[in-house]
Structures are given as structure tokens and as C-alpha cells.
Number of protein chains: 2
Amino acid sequence: MTVPGESPRPSRRSIHEEGCIAAHALDILGERWTFLVMRELMFGPKRFGLIRAGLPGISASVLTQRLEGLEASGIVQRVLLPKPAEVQVYALTDVGLAARPVIEALCRWGVVMPGHDPTKFISPTSLMFSMMVMVDADAARGLDLRAGFDLGRESFQGALVDGRWEVEPGPAEGDLVFAGSPNALAPVIYGPRRLADWEGSEAVRFSGDPVLGQRFIDLFSLRRG
Amino acid sequence: MTVPGESPRPSRRSIHEEGCIAAHALDILGERWTFLVMRELMFGPKRFGLIRAGLPGISASVLTQRLEGLEASGIVQRVLLPKPAEVQVYALTDVGLAARPVIEALCRWGVVMPGHDPTKFISPTSLMFSMMVMVDADAARGLDLRAGFDLGRESFQGALVDGRWEVEPGPAEGDLVFAGSPNALAPVIYGPRRLADWEGSEAVRFSGDPVLGQRFIDLFSLRRG
DNA sequence: CTGTATCCGTGTTGATACTG
DNA sequence: CAGTATCAACACGGATACAG
């Protein structure tokens, strides 16, 4: 599908006919869904269905296409899980993992751009990712805790270490535990309402020390970079 | 599945129906040309024709559309130059300028992605930008010089300060001066041939101390991040 | 559950031509 | 030079139906 020589029509791949390396990267970002698929895999390999769950609206055929394209570009690789599972998952290669700073930069820029609508669907991965980017490092230094997040099909746990907030998939355990859908939890975490105000909410469950919990969510704000 | 404000057709704007802030930024990057237009303006305001010169292949109508869209998004603003000139230029707003880390991250990721074709068109802005990103900070520390670049319709000068390589538009002056098209200069700067080998080349002109010149271009490599 | 194959509507692009 | 207007071609996305 890639003709060696000329490209008479700018048809499919390589939308931007440029030698610029940033433009080269844009060929990936520019294609609908593609970068979102990468985002879904940033915390670790996933199965087809779980990727799809994080990308509502994508059709199976398009997801297949994207996965194929990413594999051809050396960004994603299929992995056959060992042992008893023996199911196939999709994993980011080193090249794919290297795109992490791009997502982070995108997040930071996204917050200063007007027009962001937080009522739209938020995937578990995207919520966890945004928290890593938005944490107030100065305020976080000195605080030391672990928190778990039960987001439905996916759960994570994170630790505050030296001002950074690091997250990985895993059981929702820790000093604090939040449970609920990403869309329900996002306004809890990013405020401006207080944690106590969510008491009794059906969509959100919290367990742990309320004072510590409040200190924790105060670290995250969409105002700061 | 989503929210009250359902959008029956995913029509034009807001391609990615997500609350994810990175996805929000992707709406800009995803649209063909849009981000490239921003790149062209990163070093300062430009006129319509000069932007177009940096984006070969874009049609006037599409450039107009993109400029309008960017203006509507608060990323670009039209500025009427004062005094005798009194021509209109396009400038990045603060929001637009804030996207600079995104381009930098894109550049860094672009180099590790396979498939980059440096024979394709390189715009003056993109060459200057890539140099800022690719400079080897460790090696650059301790070296102190200014270099000018005459790229045809556009010229720049840069200074090595404390390991950073900072560039701004301006006359091509300095301890070293390089002249030629970006496509001709890119292989000179990024190697692997030595500067001396370009002696007598028609497409490239160099003036300054050859030894210093070589030390300078050794700071730039597509291998390093 | 994990995809694959096909089909049609439509949005977008790039050419061309034109205006101030 | 700086855009605007029109338009046909086409590639892409989403839906649906189907297969391992």
C-alpha cells in the first residue's frame, strides 16, 4: 500500500507532505481515533473490547483499521498472553510509549484552550492520565499517600511520591478509595465542590479519611498547568 | 450513551466526542493543515502569502478556512500592522503560543518514529524549530556563539546560551552564517557529512570559522532526543 | 467475544476562476 | 497580493450484517 516513489495524490497515508518531523508525527495524530487508541494503551496492554469501551462511538471496523495501522507503523504490537489466558492483547511498543510526553503536552494545552466540555464521555484512562498531568507538584510535596480508583471495568491505584502522582492499573486500594464512573468522579476531583458535598451521592463512593481526602483532591485543578 | 446534548451527526467541529482534555486539543491537531499553520506563526506574525509559502500544497481557500477557524478558537488573531505598512498579519494569541510544548513534544516523538522522509519539503520555520528541539544541551553548554540563517524569503539568527539554542527571526548575521534552502541546509546541519564536504556546494553557502562551524553542527543530530 | 466485509452518505480537499 | 466562490472527486466514517 505504500508506493515507494512518488505520490501523485496525497491520498491516504502521509497526509502532510512535509519533511518536518513534527508533521510526520501529525500523520498519526491527525487520523481520527488513532491517538485516542494509543492513549487507551498507555497504562498497559488491553484487549479489543476494553479499548473499544474507552472509545465510545468507534466502530469495530474502524478500531481494527487503526490497530492495523498502528501495528504497521511500529507503534502497537499484538501480544498473545501466556499461560491459561492465551488471549490476544494490544500493547504499545517503545515507540508508542515514547509518545507519552505528547499526550501530556496535549493535556496541558487542552486546559488553556477554551471550549472544553467535561460533560462528555471521559474514559477511565483519560481521567487517570489527566490527574498525573494536573497535579500541583508544589502542594503535593510533603503529602504521602496511596489512593485507589474503582472506575467500573477498570481500576487503578496511585501513589504520591515526591510531588508526583503516579498511577498504574491495579485493584482499587489505598488510604483513600474512590469509586464511580469517570464522568461522576471528574467533578469530585477537579472541584469546585467539596468532597463532603458528595456525601450520599449515589454515583460516587468514597472511603478513607475525609480530611485527607479533601487535601488530596485539592491537589488537582484544571486551572493550573 | 452520552449526555443530554446529543449530537446526531458528529459533523464538523469537535471530531472527538470526548470530555478528555487531550482529545479536545486533538480537534485542532486532527484537522489537516491547522497545526502546521500554527507552527508557521510560532516565531512571530506573518502575512497570508508567507504562511502559504511555508505550506506548499495548501490552497488559498483552505488557508483562509483554517485561519478563520483558528481565529474563532481564539488561537490566532488578525493584526493590522501600524504606521506606514498598514498590512494585515496573523499572529498567535497567548493560547496559540501555549501550544509550543506540543510542537516540541511532537518533534521529539517524530524522530523516534520510523518513516521520516527528509527529502520532502522543509519550511524555514520547521527547520529552525527542529534545531531548537534537537540541540544537544550537554554538549552545547560551554559553547557560546551566534549564528545567522538565510533561508530565502525568511532569515533568522540564533544564540547558544547556557546549553539552549534560541532562535528568532532577523537578519542572517553572527559568528557563523549559513545560507541556502531549508532542504539544502538540513543535511548539512544534521549530518552525517562534514561541513568541509559541502565546500563548493552551490545550494549551500557558509561563512565563518570552519572549525567552529563544525563544532556547531555537531550539536545537532536526529539521533538524540 | 473478536474481529471482518461491504456499502452508502457526506464532509473535505484541491483546482480553477474570479474580485478588490 | 489577499483573499472569495464554486465545484467535482474522493476518501473516510459509521452502520449493518456476518464469521471464527
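Chain letters run A, B, ... following the sequence lines, proteins first, then strands; residues in each count from 1.
- Rounded to an integer number of Å, the gap from A/L63 CG to C/dC1 C1' is 13 Å.
- What separates CD1 of A/I51 from P of C/dC1 is a distance of 15 Å, to the nearest Å.
- Atom CD1 in A/I58 sits about 13 Å away from atom C1' in D/dC12, given to the nearest Å.
- The interatomic distance linking A/E31 (CD) with D/dA11 (P) rounds to 14 Å, in whole Å.
- By the side chain to side chain donor-acceptor pair (under 3.5 Å) test, B/D94 is found to be paired with no residue, residues two or more places apart in sequence or in another chain being considered.
- When atom types are taken as modelled, the side chain of A/R32 and the backbone of B/G30 share no donor-acceptor pair closer than 3.5 angstrom.
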Using atom names, set out every protein N or O paired with an N or O of nucleotides 3-7 of chain C below 3.5 Å, distance rounded to 0.1 Å.
{"residue": "C/dG3", "atom": "OP1", "partner": "A/Q88", "partner atom": "NE2", "Å": "3.0"}
{"residue": "C/dG3", "atom": "OP1", "partner": "A/Y90", "partner atom": "OH", "Å": "3.2"}
{"residue": "C/dG3", "atom": "OP2", "partner": "A/Y90", "partner atom": "OH", "Å": "3.2"}

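- In this structure, A/R32 atom CZ and C/dT10 atom P are separated by 15 Å, rounded to whole Å.
- Each of D/dG14, C/dG14, D/dC12 was ranked by its minimum atom distance to the side chain of A/S59; first place goes to D/dG14.
- Taken to the nearest 0.5 Å, the CG atom of A/L106 stands 6.0 Å off from the CZ atom of A/F35.
- Within the structure, every side-chain polar atom (N or O) of A/W33 is placed at least 4.0 Å from both OP1 and OP2 of D/dC12.
- Residue B/V87 is the one, among A/V62 and B/V87, whose nearest nucleotide of DNA chain D lies closer to the 5' end (criterion: closest heavy atom).
- Side-chain contact of B/E40 with B/S123: a donor-acceptor pair under 3.5 Å is present, judged by distance alone.
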Determine all donor-acceptor pairs shorter than 3.5 Å in which one atom belongs to a side chain in residues 169-186 of chain B; sequence neighbours excluded.
{"residue": "B/D175", "atom": "OD2", "partner": "B/R146", "partner atom": "N", "Å": "2.7"}
{"residue": "B/S181", "atom": "OG", "partner": "B/A184", "partner atom": "N", "Å": "3.1"}

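- Between B/W165 and B/F149, the two ring planes are perpendicular [angle over 60°; tilted spans 30° to 60°].
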